[in-house]
Structure formats: structure tokens, C-alpha cells
Amino acid sequence: MTHTELDHDTSAGRVRAVERADTALRGSWWRFAWHYVEMVVAMLAGMLALGAALSIVLSAVGWDYSHADHPVIGASEMVLTMSLGMAAWMRYRRHSWGSILEMVAAMVAPLVVLVALLWAGAVSDGALMMLLHVLMLPAMLMVMLRRRQEYSMAHGPARPAVRKLGYGLAVLLAFLLVPGAAYTAGSAAYARNQYSQPERTTATVTQPAYDPGKPTAVVVVGNSGANIADALVSYEILAVTGRFNVYTVAPDRRPLPLLGGLDLVPDLSFAQLGQLTSGSAPDVTVVPAMPNSDASDRTMVTTWIRDTGSKGLLLSVCAGAQLVAEAGLLDGRDAASHWYWISRLERDHPEVNWQRGIRYVDDGDVISTGGLLSAVDGTLRVVERLLGADSAQAAAESVGWRYYTPGKAATLPQSKLTLGDAILHTLNVGFRWEAPNVGVVLTDGVGEIELAAAFDPYAEHSMAARTVAVTPDGAAIRSRHGLTFTPRDTLANAAVRFDRLLVPGGAAAANPQAAVEAARRGGVPVEYLQARPGFAFDAALRDVARTMDVPTARWAAKVLEYPADGLGLSGPGWPWALVLRPLLLGLTGLAAALGAAWLVRRARVLRTADGGDGPARGCRP
């Protein structure tokens with residue numbers, strides 16, 4: 001062999017060696033990526049399977065808890081079950097115990113950091129779980145990259161059944177990944193919109209009058225806000241009698257969010273109430289549902305309820321029963337709450353005898369109601385007990401409530417979450433991206449229940465619209481019975497910021513404002529909600545059915561505990577276009593994953609055909 005031939009053969013051998021090394025490297029990265037997918041699937045399987053088993057065991061021994069009320073315990077449980085699932089799969093794949101412990105440490109590290117930030121007040125309870133999910137995946141990836149060679153090797157037995165199971169789980173994960181991410185983003189936006197904090201921090205409020213000859217009734221609002229229907233329905237029914245000093249009170253006197261984008265300036269702080277009444281406790285204290293976002297806020301509220309509010313007649317409305325139970329005021333009593341939350345309340349507070357299928361429970365000095373509009377009946381019961389049945393009947397007629405039953409609580413269907421409800425709620429919360437931005441025009445003298453009807457049916461579980469309070473000039477308004485509300489926008493921005501305007505209040509419909517009519521002429525549709533007489537929520541539910549669909553309106557009515565039959569709901573029969581979105585997103589994610597896998601395999605085949613694996617598979621003789 002000549003030197004030229006030898007050099008040529010040596011050069012060709014080097015090229016083949018480089019090609020084989022390159023092919024091996026690409027193959028190793030493919031195995032690395034596949035190993036990462038396996039680990040994610042094992043982690044999720046551990047969370048689902050072991051989490052369910054752990055819940056059953058803890059319930060059996062009587063140690064049950066809510067993740068929302070005990071976020072650190074809930075997050076620790078999630079990390080434990082995910083780590084066990086991952087460790088079991090790694091051991092099956094014959095990884096060393098050192099590698100397994102290192103991976104478990106990577107799962108625990110984000111939890112330790114986030115819990116420290118939670119205790120320091122840097123993150124909220126709600127953000128803890130979301131951030132933990134986000135940080136665990138890159139933490140796992142960093143550990144794998146540190147030992148890339150190990151995680152790029154084939155481990156464990158290559159059983160056909162296991163391989164098929166792995167492929168099936170990978171296909172399922174690829175199908176669920178994109179719609180899951182879309183739902184996570186949509187539900188996070190939904191949660192932020194429910195009780196987003198007001199932009200302004202101060203507002204001028206006239207000192208309310210106080211008549212020592214009248215009983216005093218207060219509606220409690222936390223610094224983090226309160227459910228708009230729970231608070232305003234009870235307030236107006238008490239106020240419409242004209243025989244109570246009625247106030248909204250909060251730990252601090254500043255603009256506070258009500259569910260759906262309406263900001264209330266409380267009449268008084270807890271301290272100011274004591275000064276106004278010379279230290280006398282309220283005769284009636286109404287406790288609506290409040291968000292769980294601020295533990296210190298809940299502590300201030302429950303402490304005040306226990307020390308001051310409980311000295312008179314206490315009315316818990318809807319999920320406000322949770323706060324009253326946390327204050328220890330329902331122990332050993334019969335009590336009602338919203339059907340959606342009552343199973344959780346039974347787990348969290350087993351010492352309470354929770355009642356289903358009834359609008360309110362009168363247990364002496366504590367009255368508790370079912371959900372949302374059951375507040376009407378519970379508050380009428382308060383009026384009935386303190387002022388008499390005639391006053392309660394007059395109050396019911398004044399607000400247009402047709403279901404008042406003097407002397408007793410009306411029964412309710414024992415509602416429960418059905419599969420159809422869950423599907424509809426998931427679609428509305430996670431995939432209704434085009435939900436319109438609706439400006440709710442605040443006007444002086446608007447009724448409090450009229451205001452609640454313009455926000456709650458759209459924000460409470462239906463996500464039928466993103467509601468924002470507006471006024472013509474950005475100034476605060478006074479409601480019919482003296483509450484102060486501040487807007488978040490002005491009508492000057494209607495054409496560029498809102499898809500439509502809702503104007504609550506029969507008086508506003510009878511006397512349209514020039515600014516509203518100017519917005520209409522500018523091309524923004526305007527709907528006067530209470531243009532027809534009747535209960536304020538009737539028109540809102542009809543509007544949801546017409547602009548969204550009938551099932552969403554019926555779901556809103558079910559959440560409100562309000563009879564939908566007889567409302568004449570009309571609109572689309574089912575949101576079929578909404579159903580297609582997660583399916584199309586899932587198919588898109590699956591197609592992208594399969595396409596990526598095909599490209600990788602195709603590249604490997606082409607390199608093999610070019611001689612990457614030597615004479616046995618190459619083109620050379």
C-alpha cells in the first residue's frame with residue numbers, strides 16, 4: 001500500500017470515526033430527552049396515585065386537612081409523593097442510590113426556599129403551589145445535566161410492555177401538555193381578576209350618621225375583599241327597612257375589592273366603629289365569604305368576629321361560615337353554607353353539624369345561610385326576628401324577591417358538582433380567551449343588589465366577562481343607601497378598552513346619561529340591565545345566556561342558588577367552539593412531539609446510511 005493510499009484510508013477512517021461519534025452524541029441526547037420525559041411522567045404518576053392513597057389513609061385515621069388552609073403541608077405532601085414516584089422509577093431503571101437521593105434533594109430544595117419566602121411574606125399561599133410546580137422541572141433538569149452521561153445511557157430492562165407503556169404515557173403527556181398550560185394560564189388570570197387589588201389607596205368618605213335609638217348592623221369586609229353578592233345583598237335588605245344603623249366595616253378604612261372588579265370604601269374601620277358606638281357591640285354582624293389570600297387579614301377578621309361581632313346576632317353568609325367556624329363560634333351547632341364548599345367545610349370543621357338543602361339555619365344567636373342569594377332569606381330572617389314579619393315582607397317586596405317564606409327556611413335542591421358542570425367550568429375558566437371586557441357604569445343612587453347583579457354572575461365561576469367599574473369622570477359614587485364605590489376607569493376610554501357597557505339600576509335606565517349615550521354613538525354596545533322591573537339578577541342571567549350560552553347562565557344560577565326556571569333564558573345551547581379549543585391544542589402538541597421524534601429518527605437513519613455505523617451498514621465494500 002502506498003503512502004497516498006494509506007493517508008487516504010486513515011483520513012477516511014477518521015471521518016467515519018467522527019461521524020460515528022456525532023451519531024452517538026445525537027443518540028445520547030435523544031435518550032437524555034426521553035429519560036427526562038420518563039421522569040416527569042413518573043413524578044406526575046406518583047403525585048396522582050400516591051397522593052390519592054395518602055389522602056385515604058389520613059382520612060381513615062381522622063387527620064384530614066385542606067391544602068388551601070395548610071399550604072405548607074399540602075406542598076410538602078405533593079413533593080413527597082412526586083419524589084417517591086420518581087425514586088421508584090429511577091430504582092427500576094437501576095440508578096444508584098446516590099443519584100436517587102440527589103434527585104430527591106432537587107425536588108425538596110424549591111420547597112425549602114419557597115416556604116422561607118412564604119413565612120417572610122414575599123410570596124402568597126396561592127403562589128406557593130404554582131411556583132413549586134414551575135421550579136421543580138428546571139431543578140430536575142439541572143441535576144440530570146450534571147450527570148448527563150448517566151442519564152444519556154440505557155438503564156434497566158428493556159421489556160416490551162414497559163416500552164409500550166412508556167410510549168403511551170409520552171403520547172398522553174404530549175396531548176395534555178399544551179391544553180394544560182393554556183388552562184393553567186387561563187385559570188391564573190381568572191383567579192387574579194376575581195379579587196385584584198384597587199389602584200387607588202385612599203378615598204374621601206363622609207362620616208356615617210349614628211342613631212343610638214336604632215339597632216346597629218354591620219357587614220364585615222376583609223382588607224383582601226369580600227364576595228360582592230354576599231355583602232351587598234345583606235346590606236341593602238337591612239338598609240331598605242330604614243330601621244337599622246347599617247355600616248360596612250373592615251380592619252382598615254381604604255378602598256377594598258369586591259369580587260369581580262368593584263372597589264368599596266368601607267364606612268368604618270373596626271376601631272372607628274367602636275368610637276362611633278361608644279364601645280357598644282353591633283346588634284347584627286354579617287360575615288360574607290372572603291378570599292384566602294392573606295392569612296393575617298383573616299386572623300384580624302376572625303379575632304374581631306369572636307371578640308366583638310359574636311356579642312349580638314351573627315349572620316354568616318355562604319362560605320363566610322368558614323370564617324365563623326375558624327372563630328370557634330359554630331362548634332356543636334347546626335350550620336349551613338354553599339353546596340360547593342360544604343364538603344370541604346365538613347373535612348375542615350367536623351365539630352360543626354353542617355346542613356344541606358336548606359336556605360338558612362337559625363340556631364339562636366347564629367344564623368347561617370346557603371350560597372350567595374340564600375343571603376336574601378337569611379337576612380330577611382334577621383329582619384323578621386328583630387322587626388317582625390311585616391317588615392321582612394316589605395323588604396322582600398322592595399328588592400323584588402319572590403321566594404320569601406315567613407317563619408321558616410325554604411328548602412333547596414341538594415346540588416352537587418356534575419361532570420357537565422366540571423367540564424363547563426373548566427372550559428369557561430381556562431379557554432374562554434375572548435371573554436369580553438365589560439365596563440360596568442356606576443351611577444349615583446344605584447341599588448346595591450343591582451350593582452351585585454352586574455358583577456357576580458359574570459365573575460363567579462362563569463368567567464363570562466371581565467368586568468371593570470367605570471364612571472364618566474373617574475369620581476367615586478354613592479349608592480342608594482350611602483355606600484361609597486370607586487371606579488377603575490372612565491367612560492372616556494370606553495371605545496378602546498371595552499367591548500360593551502353594562503349600566504345597572506332602574507333609575508339609570510329611565511334617565512340615560514349623556515356620557516353613556518356618547519359611548520353608544522361611538523360604537524360601544526350599551527345594555528341597561530334593570531330596564532325591566534323584577535329581581536335584579538333576572539336580567540343579568542338572561543344577558544349571560546344571550547351573550548355566552550344557556551348552560552353557562554344555568555351554571556351561574558346554580559352557583560347563586562337561584563331558580564333559573566321561568567327566567568326565559570335563550571341563547572346558544574352549548575359552547576361547541578369552546579370545546580374544540582383544548583382538543584385542537586392537544587392535537588397540536590401531539591403533532592409537534594411526533595414531528596420532533598420523526599425528525600430525530602430521520603436524522604439518525606440518514607447518518608447511518610451515510611456510513612456512520614461502518615461497513616456493515618454503510619455503502620463501502
Side-chain angles (χ1 to χ4, degrees), residues 197-198 200-228 230-232 234-258 262-291 294-317 320 323-324 326-329 365-367 379 382-383 386-387 448 476-486:
Q197 289 294 312
R200 66 173 77 190
T201 58
T202 58
T204 302
V205 181
T206 304
Q207 180 73 20
Y210 173 66
D211 184 346
K214 294 180 179 180
T216 297
V218 299
V219 178
V220 182
V221 180
N223 283 345
S224 297
N227 184 284
I228 187 170
D230 293 358
L232 298 190
S234 296
Y235 179 91
E236 180 164 1
I237 290 173
L238 292 168
V240 78
T241 66
R243 295 171 62 184
F244 289 96
N245 299 306
V246 190
Y247 311 118
T248 52
V249 297
D252 299 319
R253 193 190 198 190
R254 56 181 171 81
L256 306 173
L258 300 182
L262 180 64
D263 298 329
L264 165 74
V265 184
D267 294 311
L268 300 163
S269 68
F270 290 158
Q272 289 169 333
L273 174 67
Q275 295 169 1
L276 184 67
T277 62
S278 301
S280 298
D283 299 278
V284 179
T285 297
V286 180
V287 184
M290 300 178 199
D294 189 337
S296 62
D297 179 36
R298 293 179 69 83
T299 300
M300 286 189 288
V301 170
T302 53
T303 300
W304 186 88
I305 292 170
R306 181 175 57 250
D307 296 343
T308 303
S310 62
K311 295 179 180 179
L313 179 58
L314 194 62
L315 173 65
S316 77
V317 176
L323 289 159
V324 180
E326 289 173 4
L329 300 175
D365 57 346
V366 177
I367 298 174
T379 313
V382 171
V383 175
L386 298 184
L387 304 180
E448 291 80 12
I477 65 104
R478 297 272 286 178
S479 67
R480 182 176 302 163
H481 299 100
L483 291 181
T484 301
F485 297 97
T486 59

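The basis for the numbers below is simple: all heavy atoms, side chains too, and nothing from hydrogens, waters or symmetry mates.
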Determine the minimum heavy-atom distance between [X] and [Y], stating which atoms define it.
X: Val366; Y: Leu313; result: N-CD1, 4.3 Å
X: Leu276; Y: Gln207; result: CD1-NE2, 3.8 Å
X: Pro291; Y: Ala226; result: CD-N, 4.2 Å
X: Lys311; Y: Ala281; result: CB-CB, 3.7 Å
X: Pro215; Y: Arg243; result: CD-O, 3.4 Å
X: His481; Y: Tyr235; result: O-OH, 2.9 Å

Open item on the list: Can you classify the ring geometry of Tyr247 versus Tyr210 as parallel (below 30°), tilted (30 to 60°) or perpendicular (above 60°)?
Closed with: tilted

Answer yes or no: is there a donor N or O on one side and an acceptor on the other, between the side chain of [X] and the main chain of [Y], under 3.5 Å?
X: Asn223; Y: Asp252; answer: yes
X: Arg253; Y: Asp267; answer: yes
X: Lys214; Y: Gly242; answer: yes
X: Thr303; Y: Met300; answer: no
X: Thr302; Y: Thr299; answer: yes

Is there side-chain contact between [X] and [Y], with heavy atoms separated by less than 4.5 Å?
X: Asp283; Y: Phe244; value: no
X: Pro251; Y: Trp304; value: no
X: Phe270; Y: Val220; value: yes
X: Thr216; Y: Ser280; value: no
X: Thr308; Y: Pro282; value: yes
X: Val383; Y: Leu238; value: yes
X: Asn227; Y: Val317; value: no

Rounded at 0.5 Å granularity, tell me how far [atom1] in [X] sits from [atom2] in [Y].
X: Ile228; Y: Leu262; atom1: CD1; atom2: CG; answer: 4.5 Å
X: Gln275; Y: Ser269; atom1: CD; atom2: OG; answer: 7.0 Å
X: Asp263; Y: Leu258; atom1: CG; atom2: CG; answer: 7.5 Å
X: Ile305; Y: Arg298; atom1: CD1; atom2: CZ; answer: 9.5 Å
X: Leu264; Y: Thr484; atom1: CG; atom2: OG1; answer: 8.0 Å

- [ ] I would like to know whether Leu483 and Leu232 meet side chain to side chain contact (heavy atoms under 4.5 Å, CB included); could you show each step before the answer?
- [x] CA-CA 10 Å; Leu483 291 181; Leu232 298 190; 3.8 Å; yes

TODO: For Asp297, enumerate each residue passing the side-chain hydrogen bond (donor to acceptor under 3.5 Å, both in side chains) test, keeping only those at least two apart in sequence or located in another chain.
DONE: Ser224

Task: Qualifying residues under side chain to side chain contact (heavy atoms under 4.5 Å, CB included), relative to Pro266, sequence neighbours excluded - done: Thr248, Ala250, Leu256

Open item on the list: Going by salt bridge (charged side-chain N to carboxylate O under 4.0 Å, His left out), name the residues that satisfy it together with Arg480, two or more places apart in sequence or in a different chain.
Closed with: Glu236, Glu450

